[in-house]
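Since the structure comes first, as structure tokens, the remarks are kept for the end.
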Amino acid sequence: MAPILWFRRDLRFFANDALIEAVENGAKEALFFVCQKQWQTHNAAPIQIDLLKRRVAWLGQALCDYGIYLHIVEVDDFSDTPQALKRFCEKHNTQRVYANREYEINECQRDKKCLELGIDLTLFDGDLVAPPHSVTTKSGDMFKVFTPFKKAWLKKFEQHHFFIPSWPLEKSNKHTRWHLPECLQGDGSSLKWPIDDDTIKTIANHFIQNKCEEYQSVRDIPSIKGTSGLSPYLALGMVSVKQLLAQLQLFYPDILHTTTKPEFCWVNELIWREFYRHLIIAFPNLCRHENFNKKYNAVQWQYDATQFKAWCEGKTGYPIVDAAMRQLNQTGWMHNRLRMIVASFLTKHLLIDWRHGEKYFMQHLIDGDFASNNGGWQWAASTGCDAQPYFRIFNPITQSEKFDPQGDFIRKYVPELGDVPSKYIHFPHDYLVTKQNTQYAQPLVDHKVARVRALEAFKVS
């Protein structure tokens, strides 16, 4: 009996352990579940769902060219998936299913139920470079600080040369046309992001060959396209970290044991991604949005619906915060430095619970990824693992002066400040008064006052 391949957030041909193993064992049928209700429960952004649907549609035809048919099955949520999978297996006279593991609680519960139903589900750790529980302290525990985790991770792989296994199939002579089901019709909101392998590979190679070396020096400047642009593809598994490391080592063979080189800075970000995934495996209650550091359960958050709405809409009166939030709302993406600035502003300046920001990000980000999003928000809120100390509070004005010195990024997304001179652009209110300009929002809080309030609120030990 040939196995069935179950696609999840691993929508790729290459460096896909489950796919390669299934194909080598004769798989001719593949499966993807459309779970609209579950996606809504998990706050998946419409733009990300659109990207996912476009990729699944592309993958369906691409697989068909190799004689593998991708079946699309609609279910409401994960609780319906095991029975639907069992019925599908019975229809195709097999109980063998190959898939790449997902690590969040709901996903783990779904897989456990599949096994309880007698489905022979074989899971691979295709989304991680280091398998779960393979990077630990000497006592076998998960690291609670990133730097020692990184050192242990690097020690494990510093002599390893990654490669992409060759694709084991030839294209079929039968030119079967794959049928696009109605449930994969999207809204087109993600069309600026290509979904074919050739273009994605070109994007990755262009960054690695031409931009990776300067990534360290330009990655914090939002007006420059200095990041890789690969985060949406990583989030949906269109590429894997193993695949990117293999491409990187073609140009920098010693990258994993020469950490002082500037191009290693990008690798460091990929290891952060690993760190946050290992955290939700070791501490699954993070998936329930619990504080990693229980001490901060005592923080008295001060939710203000009007202020939260202003933050969401980019009307806080702090230009760098507003430009960042408008970028998110308009494009479905936000520069990483800006994610830290707006998260700090929400949790420290407005004293609004980080969970509100975490949810809003997931509802709007094309690269929404639970482990990284949760880890990033808890880092900014000082509640997380190896988080920013609570007394280090970003000053949005000086952050703006440092990373957008001429206000180029601000002017792009806050057009009402288009004529403000660069020396005033970072906090323009006194200047606007002289010009009798009332278009731009007044600041929600005074930075110095908000900082003192935050320091008091976080003194809970």
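Because only heavy atoms are used, hydrogens play no part in the values below, and waters and symmetry mates are left out as well, while side chains stay in. Small disclaimer: the values here were computed from a predicted structure and weren't measured. All residue numbers in this chain count up from 1 along the given sequence.
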Q. Please walk me through it: do S382 and F391 pass side-chain contact (heavy atoms from CB on, under 4.5 Å)?
A. CA-CA 9 Å; S382 302; F391 50 82; over 6 Å; no
Once the angle between the rings of [X] and [Y] is folded into 0 to 90°, is it parallel (under 30°), tilted (30 to 60°) or perpendicular (over 60°)?
X: Y390; Y: F458; answer: parallel
X: Y360; Y: F308; answer: perpendicular
X: Y431; Y: Y424; answer: parallel

Greater than 12 external heavy atoms within 6.0 Å of [X]'s [atom1]:
X: N297; atom1: CG; result: yes
X: K309; atom1: NZ; result: no
X: E213; atom1: CD; result: no
X: F251; atom1: CZ; result: yes

Under a 3.5 Å threshold, yes or no: a donor from one side chain and an acceptor from the other, between [X] and [Y]?
X: W58; Y: D197; value: no
X: D408; Y: S223; value: no
X: E358; Y: N374; value: yes
X: R411; Y: Q406; value: no
X: N106; Y: H42; value: yes
X: N395; Y: Y318; value: no
X: Q327; Y: H335; value: no
X: S190; Y: K53; value: no
X: Q378; Y: T383; value: yes
X: T199; Y: D196; value: yes

Q) Checking salt bridge (Lys or Arg N to Asp or Glu O under 4.0 Å) for the pair K459/E456: CA distance, chi angles, key distance, verdict? A) CA-CA 5 Å; K459 286 181 180 178; E456 287 300 316; 3.8 Å; yes
Q: List the steps, then state whether salt bridge (Lys or Arg N to Asp or Glu O under 4.0 Å) holds for R219 with E214.
A: CA-CA 8 Å; R219 67 185 181 127; E214 63 179 17; over 6 Å; no
To check you understand the geometry: which heavy-atom pair defines the closest contact between [X] and [Y], and what is its length?
X: L52; Y: W39; answer: CD2-CH2, 3.8 Å
X: S189; Y: D50; answer: N-OD2, 3.3 Å
X: S228; Y: F207; answer: CA-CD1, 3.5 Å
X: A454; Y: L351; answer: CA-CD2, 4.5 Å
X: W311; Y: V342; answer: NE1-O, 3.1 Å
X: L270; Y: L245; answer: CD1-CD2, 4.3 Å

Counting distance only, does the side-chain N/O of [X] pair as donor-acceptor with the main-chain N or O of [Y] below 3.5 Å?
X: S400; Y: P396; value: no
X: Q243; Y: A15; value: no
X: Q247; Y: A204; value: no
X: R101; Y: F124; value: no
X: D77; Y: C35; value: no
X: N291; Y: N293; value: no
X: D141; Y: T137; value: no
X: H364; Y: W333; value: no
X: K211; Y: K225; value: yes
X: D322; Y: G317; value: yes

Q: Kindly determine whether H356 and W301 satisfy side-chain contact (heavy atoms from CB on, under 4.5 Å), including the steps that lead there.
A: CA-CA 11 Å; H356 293 288; W301 301 106; over 6 Å; no
Q: Walk me through it: do F146 and F275 pass the test ring pair (Phe, Tyr, Trp, His ring centres under 6.0 Å)?
A: CA-CA 7 Å; F146 172 70; F275 180 61; 5.6 Å; yes
[X] and [Y] ion-paired at < 4.0 Å:
X: R277; Y: D127; answer: yes
X: D446; Y: K448; answer: no
X: R288; Y: E290; answer: no
X: R8; Y: D111; answer: yes
X: D76; Y: K37; answer: no
X: K150; Y: E274; answer: no
X: D367; Y: R339; answer: yes
X: K261; Y: D254; answer: yes
X: K242; Y: D17; answer: yes

Q.
Just to verify, what does H349 make a side chain to side chain donor-acceptor pair (under 3.5 Å) with, not counting sequence neighbours?
A. H447
Q: Taking the side chain as every heavy atom from C-beta outward, state whether I72 and V34 have any pair of such atoms under 4.5 Å apart.
A: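 I72 vs V34: side chains touch.
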Q) Is there side-chain contact between W266 and L230, with at least one heavy-atom pair below 4.5 Å? A)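 They are in contact (side-chain heavy atoms under 4.5 Å apart), so the answer is yes.
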Q: Step through it carefully: locate the ring centre of H160, locate the ring centre of F162, and say whether they are under 6.0 Å apart.
A: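 Here the rings of F162 and H160 have centres that are less than 6.0 Å from each other.
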Q: Only counting residues at least two apart or in another chain, list the ones meeting side-chain contact (heavy atoms from CB on, under 4.5 Å) with I255.
A: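 In terms of side-chain contact (heavy atoms from CB on, under 4.5 Å), with neighbours along the sequence ignored, I255 is linked to L248, Q249, Y252, E263, F264, V267.
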Q) Among all residues two or more places apart in sequence or in another chain, which pass the side-chain contact (heavy atoms from CB on, under 4.5 Å) test with A298? A) V460
Q: Could you go through the side chain to side chain donor-acceptor pair (under 3.5 Å) check for N16 and N100 one step at a time?
A: CA-CA 8 Å; N16 188 327; N100 286 304; 2.7 Å; yes
(Q) Under the criterion side-chain contact (heavy atoms from CB on, under 4.5 Å), I'd like the reasoning laid out for Y103 against L128: C-alpha separation, chi angles, the key distance, then a yes or no. (A) CA-CA 10 Å; Y103 305 102; L128 287 172; 3.5 Å; yes
Q | Lys/Arg cation over aromatic Y413: R326, 6.0 Å, 45° cone | A |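 Not satisfied by the 6.0 Å and 45° rule.
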(Q) What verdict does the side-chain contact (heavy atoms from CB on, under 4.5 Å) test give for W379 and W354, after you've listed the backbone C-alpha separation in whole Å, the side-chain angles of each residue and the deciding distance to 0.1 Å? (A) CA-CA 10 Å; W379 181 90; W354 60 268; over 6 Å; no
Q.
For the CD1 atom of I200 and the OH atom of Y233, what is their distance to the nearest 0.5 Å?
A.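 Here the rounded value is 5.0 Å.
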